[in-house]
Every structure is written in C-alpha cells, then in structure tokens.
Protein chains: 2
Amino acid sequence: MSCHEILQEKGHRLTLQRMLVIEALHNAVRHISAEEIYEELHRRHPYANISTVYRTLELLKELELVTETDFGEGRVRYHVAEKGHHHHLVCHSCGRVADLEETALHPLKEGLLDEYGFVADLRHLAISGRCNECRSGHETEPKLRY
Amino acid sequence: MSCHEILQEKGHRLTLQRMLVIEALHNAVRHISAEEIYEELHRRHPYANISTVYRTLELLKELELVTETDFGEGRVRYHVAEKGHHHHLVCHSCGRVADLEETALHPLKEGLLDEYGFVADLRHLAISGRCNECRSGHETEPKLRY
DNA sequence: GTTGCATTCGCAAGTGGTTGCAATAATTCT
DNA sequence: AGAATTATTGCAACCACTTGCGAATGCAAC
Ligand SMILES: [Mn+2]
Ligand SMILES: [Mn+2]
Ligand SMILES: [Zn+2]
Ligand SMILES: [Zn+2]
C-alpha cells in the first residue's frame with residue numbers, strides 16, 4: 001500500500017505539502033536530507049516552510065513509512081521504508097558508505113531478545129568504523145555516497 | 001594513566017577550564033550532559049563559556065578519554081572511558097535504561113570484520129527498543145537513569 | 001453553500017551544538 | 001625577563017531541528 005493511502009486510512013490529511021514531501025522522498029536516488037526535501041517542496045510551493053518538512057517526516061517515521069539514518073554528517077537522512085531496509089557501514093577515514101544486509105544484525109537482535117527480553121529497534125542503522133580498503137593501506141579518494 | 005597526564009603528554013595545555021571539565025566528568029555518578037558540565041565549570045569559573053566545554057569534550061573524544069552516548073533525549077551524554085565501556089538498552093516505552101556488557105556486541109563486531117573487513121567502532125552505544133517489563137504488560141513508572 | 005470543529009501550516013522564537021575570529025594566555029626562544 | 005610563537009578562549013553568529021501559537025485549511029454536519 002502506498003504512503004498516500006496509509007496516511008489517509010489513518011485519518012491524516014493528504015495536503016499538497018505532504019504529497020510533495022512524499023514525492024521528494026520517492027524520487028530520491030539514495031538517502032535524502034530534510035533540506036534537500038525542502039528545496040523540492042519550495043520549488044513547487046514557495047510559501048511552504050521547512051518546519052512542515054520536519055513535521056511530515058516525524059509523522060512518516062511514526063507510521064514507519066520512512067527511516068531516519070545518521071551518517072555522522074551533522075544532519076540526518078531519510079529513506080522510504082518500502083524501498084527496503086538495509087544498514088550501512090560508514091568509514092570515518094575515507095567516507096565510503098557500504099550497504100549492509102538487514103540480516104547482518106539479526107543475531108544481535110535475537111541475542112538481546114533471548115538474554116534480556118529486549119526487542120531492539122534496529123532500523124536503517126549506520127555503523128561507523130574503518131573500512132577494508134583503508135585498513136589495507138590503499139588510501140583511495142573519499143567518495144561519499146549517501 | 002590519568003586524563004591530565006595523557007593530555008599533557010600529547011602536547012595539549014592543561015588549562016583551568018579543561019581541568020574543571022575533566023573533574024565534572026569524573027565526579028558524575030552516571031552519564032553527564034554538556035550543560036551539566038558547564039554548570040559545574042561556571043560555578044567555579046564564571047567567565048567560562050559553554051563552547052569551551054564542547055571543545056574540550058571534542059578533544060577528549062578524539063583522545064578516546066571520554067565516550068559520547070545518545071540516549072534519545074535530544075541532547076547527548078558523556079562518560080569517562082576509564083570508568084568502563086558498556087552499552088545501554090533504552091526502552092522507548094517506559095524510559096528505563098539498562099546496562100549491556102561490552103561483550104554483547106563482540107559477535108557483531110567479529111562478524112563485520114570477517115565478512116566485510118570492517119573494523120566497527122561500537123563504543124558506548126544506546127540501543128532503543130521495548131523492554132521485558134513493558135512487553136509483559138507490567139507497566140511500571142518510567143524511571144530514567146542516564 | 002454556510003457553519004463549526006479539528007487538523008495542519010507558516011512564522012518566529014527556542015534548543016543543543018558548532019565555528020570564525022579577535023583577544024588572551026601558555027610555552028618557547030633569545 | 002622580555003619578545004615571538006602558538007594554543008586556547010570568549011563571544012557572537014550560525015546550523016539543524018523543534019515548538020508554541022495564531023491563522024489558514026480541510027472536512028463533516030446542516
Ligand atoms: Mn540505506
Ligand atoms: Mn554507559
Ligand atoms: Zn575507508
Ligand atoms: Zn520499558
């Protein structure tokens with residue numbers, strides 16, 4: 001079911017602002033920031049305010065329609081949930097961002113459940129560290145791809 | 001070796017401001033915020049500015065003398081590394097904060113190293129989710145203990 | 001269509017944290 | 001000790017994000 005439908009079904013209004021935020025999220029190639037979403041929104045609706053972007057993102061997060069990920073940039077990035085749940089390995093040395101299957105964290109999730117009865121909420125995580133390329137001395141140019 | 005000694009050894013100056021920040025960190029019972037550190041600093045050095053607190057914390061993080069943890073409060077908390085490295089389970093339902101042995105994340109760390117050659121930097125993590133008490137319906141009063 | 005009510009929005013102010021810059025303080029050199 | 005050099009600080013402005021509030025909007029009842 002689409003974001004639009006879920007929003008309406010739960011009794012939220014499908015305003016132009018919200019539709020444009022959702023569209024920006026869907027059009028994003030990878031992970032998009034609030035500021036980038038706002039740029040899209042502002043182009044087509046100049047009176048819109050960035051606080052509406054943040055409020056819409058908050059709502060979409062609550063409904064689990066988007067995930068929020070902190071890549072350590074000083075700003076956070078968003079991704080529509082229906083495009084898939086994966087995690088990331090962020091190298092603090094070269095800046096490279098690698099994808100990590102969601103299943104890579106299943107053992108941890110199960111361990112916390114078995115030993116602590118704790119249901120961990122691990123979605124769209126960014127784990128920082130040092131990547132294989134940097135460790136083996138092949139210092140390549142940092143290519144940030146969020 | 002103490003924070004003071006390591007700081008000086010690496011050629012950093014041991015100013016009154018820095019000593020008071022370090023003292024506040026050491027006196028803290030659990031995890032202390034920048035604002036709380038600043039209150040201590042300001043009491044004994046009224047001209048000091050909070051940006052000095054942030055800059056000192058930044059320096060101590062780089063030297064791996066303190067760890068930073070985001071408990072999801074909207075502000076971040078600090079802990080001197082020599083008091084021990086543990087992680088936390090934060091319940092988003094009741095607010096309870098439980099300690100998690102560092103070893104609980106060792107399997108993940110090893111898995112990432114073996115399969116991706118990635119050396120993950122997992123220190124003083126806060127994992128959010130739903131705790132055992134909340135899951136079993138015994139809704140107790142939320143006791144935040146950072 | 002008009003009225004009434006709840007939701008959403010724009011705006012401005014606030015929060016936690018960072019940064020550029022000029023003044024100050026510590027360290028090194030003479 | 002005094003001068004030159006460098007690190008550190010205080011201050012103000014800024015950044016990402018949040019929030020209170022009054023105005024606008026959407027929606028349902030008449
Ligand atoms: Mn992703
Ligand atoms: Mn801790
Ligand atoms: Zn790397
Ligand atoms: Zn709980």
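What you see is a predicted model; the values in this text were computed from it and never measured. A, B, ... follow the sequence lines: proteins, then strands. Residue 1 opens every chain.
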Show each protein N/O and nucleotides 13-16 of chain C N/O combination with a separation under 3.5 Å, one pair to a line.
unit_1 : atom_1 : unit_2 : atom_2 : d
C/dG16 : OP1    : B/R75  : NH1    : 3.3

Pairs: protein N or O with nucleotides 20-29 of chain C N or O, under 3.5 Å:
unit_1 : atom_1 : unit_2 : atom_2 : d
C/dG20 : O6     : B/R55  : NH1    : 3.2

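In plain terms, the two heavy atoms of A/I37 and A/L25 that are nearest each other are CD1-CD2, 3.8 Å.
DNA chain C is contacted by both A/T52 and B/E58; A/T52 maps to the nucleotide lying nearer its 5′ end (nearest heavy atom per residue).
Using bins of under 30°, 30° to 60° and over 60° for the plane-to-plane angle, the ring pair B/H88/B/H86 lands in the perpendicular bin.
Inspection of the B/R130 and B/S93 side chains reveals an N or O donor paired with an N or O acceptor under 3.5 Å.
Read 5' to 3', the first and last nucleotides of DNA chain D with an atom closer than 4.0 Å to a heavy atom of chain B are D/dT6 to D/dC11.
DNA chain D lies under 4.0 Å from at least one heavy atom of each of the following residues of residues 37-49 of chain B: B/H45, B/Y47, B/A48, B/N49.
Ion pairing between a basic and an acidic side chain is recognised when a charged N comes within 4.0 Å of a carboxylate O; A/E64 and A/R123 show such pairing. A salt bridge links B/R77 to B/E36: one of the charged nitrogens lies within less than 4.0 Å of a carboxylate oxygen. Using a cut-off of 4.0 Å between Lys/Arg side-chain N and Asp/Glu carboxylate O, A/E58 and A/K61 are scored as salt-bridged. Between A/K10 and A/E62, no side-chain nitrogen of the basic residue sits less than 4.0 Å from a carboxylate oxygen of the acidic one, so the salt-bridge criterion is not met.
Atom CZ in B/R77 sits roughly 15 Å away from atom C1' in C/dG17 (whole-Å rounding). One interatomic measurement links the two molecules: CD1 of B/I50 to C1' of C/dT19, which rounds to 15 Å at whole-angstrom precision.
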Exercise. What's the verdict on ring pair (Phe, Tyr, Trp, His ring centres under 6.0 Å) for A/H31 and A/F71, showing C-alpha distance, side-chain angles and the deciding distance?
Worked result: CA-CA 10 Å; A/H31 308 82; A/F71 290 94; 5.1 Å; yes
For this session: Go through the steps to decide whether A/H124 and A/H87 satisfy the test ring pair (Phe, Tyr, Trp, His ring centres under 6.0 Å), and finish with yes or no.
Result: CA-CA 5 Å; A/H124 234 123; A/H87 305 287; 7.1 Å; no
Which side-chain N or O atoms in residues 106-118 of chain A pair as donor and acceptor under 3.5 Å with protein atoms at least two apart or in another chain?
unit_1 : atom_1 : unit_2 : atom_2 : d
A/K109 : NZ     : A/A120 : O      : 2.7

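Evaluation of the side chain to side chain donor-acceptor pair (under 3.5 Å) rule for A/E40 yields A/R43 as partners, not counting sequence neighbours.
By the criterion of side-chain heavy atoms lying less than 4.5 angstrom apart, applied directly or through intervening Ile, Leu, Val, Met, Phe, Trp or Tyr residues, A/L105 is not grouped with A/V97; the two fall into different hydrophobic clusters.
Heavy-atom contacts from other residues, nucleotides or ligands closer than 6.0 Å to CD of B/E101 number 12 or fewer.
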